[in-house]
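Report on the following structure.
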Amino acid sequence: MCGFVGYFPSLNTETDYLYLNKMLKNIRYRGPDKTNIYRNDKIALGHHRLSIIDLKGGQQPVIDKSSGDCLVYNGEIYNFKSQSEFLKEKGVRLEEKSDTEVLFKLLTNFGIKSTLEKIDGMFSFVFFSAKENSLYLVRDRAGEKPLYYANYKNFIIFGSELKAVTNFPHLKKNINFSAINEYLYLDYIPFSQTLITEIKKVLPGHYLKYSPKSQKLVKYWQLNLNRKNEYTFSKNLNILDNLLDKSVKNRLIADVPVGLFLSGGIDSSLIAHYCKNHSTNIKTFTIKMPSKSYDEYDHALNVSEHLGLKNYHVTLNEKELLKALFEIENNIDEPVNDPSLLPTYLVSKLAKNHVKVALSGDGADELFSGYAPFNYLKALKVLSFFPKDLGKFLYYILKNIRVKDNYMSLFFLLKNISKGLGYRPEQQIFKWMAPFNDHEIRKLFSEDFNKQYFEKNTLFENLYSKSYLNGLDLHDKISSLFFNNYLCDDLLTKVDRTSMLNSLEVRSPFLEKNIMNFSSSIKNKYKVNGTTKYILRQLSKNRLPKKIVQRKKHGFAIPLAKMLRGVLKDKVTDTLTSSDANILSFTNKKALRNILEKHNKGLDNRKMIWSLYILEKSIKNILYKS
């Protein structure tokens, strides 16, 4: 796990070292073990390394002096050992035991297309082919590792985080208000957009080929939900069992200690079971919440004791909360309106005290239908026939009623469901999750913002017109939308940033390429059968405690509404209403104060407030920190 920056073409030695150091400056936490810079008369590259495999070898940037080929890379290639044997059989000489060298040798000997077909891992990398005088910017299948780039005059600039690219001198930093408008609906910025107009994301499962004369974005992988296998349930179960066991085994390979994030849910608990098959020294890490309805600690402890694993926990108290928020708000550059940034940061910090790598259960909900709406698809279809005006009326009534701040209370659910009444079934879920509805955006944001961005918004047209949705039934459409949007732009972004702030590598066994491909071929009746994630629950029988197998989905949430009236109240209010707040340039200050005041009096405006707070901090960091 690392962080890298660079640009093509290079300038001169003195300028390149100056520019690269400036770009690397604010992402050192991604790789504190070693920093290297390389430049020649064609390309300039910088790299921070977090040493995980082959601690003495694996140095970057990787250079072939005879050919001029170069590589910078962030992530892990989990099947590097089998690919190492493949290379040796082909007569390719290897001098190290690192996955970095294996990746480089595959690229230089077999090219980009063949390499991507062979490797399994989480990665973003930039490969310079001297023979082609071309640059390849590549991102992994699910989007576990980030990669940003910008075209500036005759340059292409790239880096592992947004702020690394914006630190390239002379690059303009214009706020992308169109992206902000979409963030207000989704909690994250979707597709290839970023907070800065001039900078783009390489999409998951894609690579960008760049040469001085041309630039082309190529899709090399897509989750294919159109083809279902005809296997019996028993055979599907056995195949999945073997794939998960192998995936976990490969993700335990490291020359440093490895642990596991454990919530007590079915996903991380199942990963814990497979870890126990291959290691007797796995430590588990859990967050203990102060509010009982949000807390999962007892479930995590139950699993750890059942499997004989050592569990460590940290309590989300006021002191730890403020420490975590300080680090996050001073480093965030891509807004993600997900309050679980805070506990994810804290569990990463806890884990880093004991290990350098942690496994997680990310991806299981998207691949195996873990979210509650999968149990109620018929109801979604019925709700789509209700008048939208009825939904608006109910939402207006419900949002003005004071209630207790309990996890997923019935009132909370009804209020959010009302936002989706009358919309297409697959659109309703995104309406539920949105921090703002249309009326709230019109009321809060300036007339100019509404006219230029809100009224011209094509988010949902773009979201539902993607080719990967063609021919899918409702179940698979929702699965695909979650996988291609929410997973990569919210969940994986959150985990990458919070873990990297602690210089911790997080690996996700469910996102192994063969598991992703196989999961998409499993019939939906094996994923949802009276309960969500049916096949995973059956896989867990006789392996995990019964009450863990039968547990309902419990998101990684915090009592944010209460916190915004307590420990976070002054901090958040001062930030949003300060005379130098960036968001005041495109919002109505009176309407903003009204949102804050109503929340303090007992109404629930947590999503709107937190969305604006994270946005404000992101804009400030990206515009004024260098």
Side-chain angles (χ1 to χ4, degrees), residues 1-24 27-28 30-31 33-77 80 83-84 87-88 90-112 114-116 118-119 121 123-138 145 147 149 155-160 164 168 207-212:
M1 195 73 77
C2 309
F4 62 77
V5 300
Y7 51 89
F8 172 64
S10 59
L11 294 162
N12 58 67
T13 301
E14 182 179 358
T15 304
D16 288 339
Y17 272 79
L18 178 67
Y19 284 11
L20 290 170
N21 275 308
K22 184 175 176 62
M23 294 171 71
L24 285 166
I27 61 167
R28 180 162 178 77
R30 295 191 72 92
D33 295 331
K34 182 75 174 178
T35 299
N36 287 318
I37 284 176
Y38 174 80
R39 56 88 51 202
N40 58 28
D41 61 356
K42 290 194 173 183
I43 192 165
L45 302 168
H47 188 268
H48 289 311
R49 187 185 184 199
L50 183 66
S51 303
I52 302 293
I53 293 174
D54 191 0
L55 306 185
K56 293 183 179 179
Q59 298 299 317
Q60 296 187 53
V62 187
I63 314 298
D64 186 326
K65 293 182 179 179
S66 61
S67 68
D69 294 341
C70 310
L71 172 71
V72 281
Y73 155 55
N74 168 29
E76 300 291 348
I77 306 301
F80 77 98
Q83 292 305 313
S84 173
L87 287 167
K88 290 174 184 177
K90 296 296 182 180
V92 178
R93 182 181 175 184
L94 297 173
E95 299 179 354
E96 300 178 355
K97 296 180 180 179
S98 71
D99 61 329
T100 303
E101 184 187 29
V102 169
L103 175 60
F104 187 62
K105 293 294 186 180
L106 285 170
L107 289 165
T108 54
N109 285 276
F110 299 97
I112 189 74
S114 179
T115 296
L116 290 172
K118 296 178 189 300
I119 61 174
F123 51 81
S124 63
F125 64 82
V126 174
F127 174 65
F128 176 67
S129 171
K131 182 179 179 181
E132 299 178 24
N133 195 35
S134 294
L135 209 59
Y136 291 90
L137 285 71
V138 188
K145 294 293 100 186
L147 182 51
Y149 70 96
F155 291 91
I156 185 168
I157 309 147
F158 51 85
S160 294
F168 180 83
Y207 67 82
L208 182 77
K209 182 179 180 181
Y210 175 89
S211 71

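For the atom pair CD (Gln59) and CG (Asp54), the distance works out to 8.5 Å, reported to the nearest 0.5 Å. Here the NE2 atom belonging to His47 is positioned 12.0 Å from the NZ atom belonging to Lys34, to the nearest 0.5 angstrom. Summarising the geometry, atom OG1 belonging to Thr115 is positioned 8.5 Å from atom CG belonging to Asn109; distances are rounded to the nearest 0.5 Å. To the nearest 0.5 Å, the span separating CD1 on Ile37 from NE2 on His48 amounts to 8.5 Å. Here the CD-OG distance, from Glu76 to Ser98, works out to 10.0 Å after rounding to the nearest 0.5 Å. Distance CD1/Ile112 to OG/Ser129: 10.0 Å, rounded to 0.5 Å.
Within a 6.0 Å sphere centred on NZ of Lys97, heavy atoms belonging to other residues, nucleotides or ligands number 12 at most.
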* To do: Check the pair Leu87, Phe110 against side chain to side chain contact (heavy atoms under 4.5 Å, CB included), reporting the backbone distance first and the verdict last.
  => CA-CA 10 Å; Leu87 287 167; Phe110 299 97; 3.7 Å; yes
* Before giving the answer on side chain to side chain contact (heavy atoms under 4.5 Å, CB included), spell out for Tyr38 and Leu20 the whole-Å C-alpha distance, their side-chain angles and the decisive distance to 0.1 Å. => CA-CA 9 Å; Tyr38 174 80; Leu20 290 170; over 6 Å; no
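Between the side chain of Asn74 and the main chain of Cys2, a donor-acceptor pair closer than 3.5 Å is present. Under the 3.5 Å distance criterion, the side-chain polar atoms of Asp33 are matched with a main-chain donor or acceptor of Ser51. Using a distance-only test at 3.5 Å, with no hydrogens or angles considered, no donor-acceptor pair links the side chain of Glu96 to the main chain of Glu101. Judged purely by atom type and a 3.5 angstrom limit, Asn36 uses its side chain to pair as donor or acceptor with the backbone of Gln60.
Phe155 is listed as a side-chain neighbour of Pro9, based on a closest heavy-atom distance under 4.5 Å. Looking only at side-chain heavy atoms (C-beta outward), Ile77 and Val102 stay at 4.5 Å or farther from each other. Using a 4.5 Å cut-off on side-chain heavy atoms (C-beta onward), Ile53 and Phe80 make contact. A 4.5 Å side-chain heavy-atom check between Lys105 and Leu94 finds at least one atom pair inside the cut-off. Taking the side chain as every heavy atom from C-beta outward, Phe128 and Val72 never approach each other to under 4.5 Å. By the 4.5 Å heavy-atom criterion applied to side chains, Phe8 and Pro212 are counted as neighbours. The shortest side-chain heavy-atom distance between Leu147 and Leu208 does not fall under the 4.5 Å cut-off. Two residues are said to be in side-chain contact when any heavy atoms from C-beta on lie closer than 4.5 Å; Phe127 and Val138 fail this criterion.
Listed here is the closest heavy atom pair of Ser160 and Arg30: CB-NE, 3.9 Å. Considering every non-hydrogen atom in both Phe158 and Met23, the closest pair reads O-CE, 3.8 Å. Smallest separation of non-hydrogen atoms from Ser10 and Arg39: OG-NH2, 3.7 Å. Contact between Asp69 and Ala130 at its shortest, heavy atoms only, is OD1-N, 2.9 Å. Minimum interatomic distance between Ile43 and Cys70 (heavy atoms only, all atoms of both residues): CG2-SG, 4.1 Å. For the pair Lys209 and Ser134, the tightest heavy-atom approach, listed with the atom from each and the gap, is CE-OG, 3.9 Å.
By the side-chain hydrogen bond (donor to acceptor under 3.5 Å, both in side chains) test, Asn133 pairs with no residue at all, sequence neighbours left out.
Checked against the 6.0 Å centroid threshold, Tyr73 and Phe123 do not count as a close aromatic pair.
Of the candidates Asp99, Leu106, Leu103, Gln83 forms a side chain to side chain contact (heavy atoms under 4.5 Å, CB included) with just one, namely Leu106.
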